[in-house]
Amino acid sequence: MLGECRILLSNISLQQTSTDRWVWRLDASNGYTVSGVYHLLTSQLVQTTNAVSDLIWHKHVPLKVSVLVWRLLWSRFLTEDNLFARGVIPHGNRHCVAGCGDVETIQHLFISCPFFLQLCGVIFDPGWGYLQLNLFE
Amino acid sequence: MRDGVGEAGVGWFKENVVRKVVNGANTLFWLDPWVGEAPLCVQFGRLYDLALNKSISVADMFMLGCEEGEEAWQWCRRLWTWE
């Protein structure tokens with residue numbers, strides 16, 4: 001690792017002609033412009049989310065479900081880690097509401113938390129689904 | 001529209017700003033993005049963890065001869081041969 005790092009550094013020579021400065025990677029000559037960034041963000045958004053958003057904002061999907069999934073994808077829940085990142089709660093108070101001891105993130109609540117996993121087990125229990133199917137037939 | 005906070009706390013703004021190093025005096029060797037695609041603390045996370053002086057400048061690293069010598073690289077323990 002040190003070897004690879006040194007290879008990176010071997011091409012660099014410092015000069016005393018001027019001081020270091022920040023450069024806007026997307027447009028090194030003109031620098032940062034609002035229009036350039038607007039273009040970047042709007043074009044990326046279309047590329048990465050078009051397929052997904054067509055699914056989410058589908059007319060057959062109930063609005064409350066669309067909103068929930070949209071917030072999931074963009075990490076817009078008031079989970080403890082988000083509240084901490086936004087300075088709402090102090091450090092050291094970021095644990096899962098279920099009391100499992102892990103940090104409360106969206107990933108944790110919806111995928112890995114043992115408590116809510118059990119809850120999913122109840123909701124998606126095959127026996128329960130079978131019962132519902134029979135009721136509607 | 002997205003804001004500056006991405007999945008890993010790195011947003012579009014931070015990803016697109018790099019440090020153009022000339023004399024290296026005001027650029028942090030490990031923490032600023034100045035060589036390669038990401039800051040060296042990301043590219044070489046293990047080395048960064050072991051480095052004693054995490055906020056050393058590029059100029060100081062080169063003054064101590066980081067390209068060849070050992071003096072510039074001060075670790076909190078001896079490196080393994082593969083590190």
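Computation of the quantities below employed the complete heavy-atom set of this structure, encompassing side-chain atoms and omitting hydrogens, waters and symmetry-equivalent molecules. Note on naming: letters A, B, ... go to the chains in the order of the sequence lines (proteins, then strands), and numbering restarts at 1 for each one.
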Pairwise distance [atom1]([X]) to [atom2]([Y]) - rounded to 0.5 angstrom:
X	Y	atom1	atom2	result
B:K20	A:W22	NZ	CH2	14.0 Å
B:C66	A:L8	SG	CG	11.0 Å
A:C5	B:W73	SG	CH2	4.0 Å
B:R46	A:L2	CZ	CG	12.5 Å

Let's test your reading of the structure: which of B:V18, B:L79, B:L47 forms the most heavy-atom pairs below 4.5 Å with chain A?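 Max contact count across the listed options: B:V18.
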Given a strict heavy-atom distance threshold of 4.5 Å, which part of B:W82 is in contact with chain A: side chain, backbone, both, or neither? both
For B:W80, is it the side chain, the backbone, both, or neither that has a heavy atom closer than 4.5 Å to a heavy atom of chain A?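 For B:W80, no heavy atom lies under 4.5 Å from chain A.
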A:M1 to B:F44 - nearest heavy-atom pair and separation: O-CE2, 3.5 Å
Can you say whether A:R21 sits under 4.5 Å from chain B via the side chain, the backbone, both, or neither, judging by heavy atoms? both
With a 4.5 angstrom heavy-atom cut-off, which part of A:I7 approaches chain B: side chain, backbone, both or neither?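 Contact with chain B involves no heavy atom of A:I7 at all.
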If you apply the rule side chain to side chain contact (heavy atoms under 4.5 Å, CB included), what do you find for A:L14 with B:V22, and how did you get there? CA-CA 6 Å; A:L14 301 183; B:V22 184; over 6 Å; no
Would you say that more than 12 heavy atoms from the other residues, nucleotides or ligands in this model lie under 6.0 Å from the CZ of B:R77, or not?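 Count over threshold, so yes.
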What do you reckon, is CZ of A:F110 surrounded by more than 12 foreign heavy atoms closer than 6.0 Å?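 More than 12 heavy atoms, drawn from other residues, nucleotides or ligands, come within 6.0 Å of this atom.
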Would you check if there is a donor-acceptor pair between the side chains of B:T27 and A:D20 at a distance under 3.5 Å?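 Side chains of A:D20 and B:T27: pair found under 3.5 Å.
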Steps toward side chain to side chain contact (heavy atoms under 4.5 Å, CB included) verdict (A:V23, B:V17): CA-CA 6 Å; A:V23 172; B:V17 181; over 6 Å; no
Residues 25-36 of chain A: residues contacting chain B (heavy atom under 4.5 Å, by number):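 A:R25, A:L26, A:Y32, listed by number.
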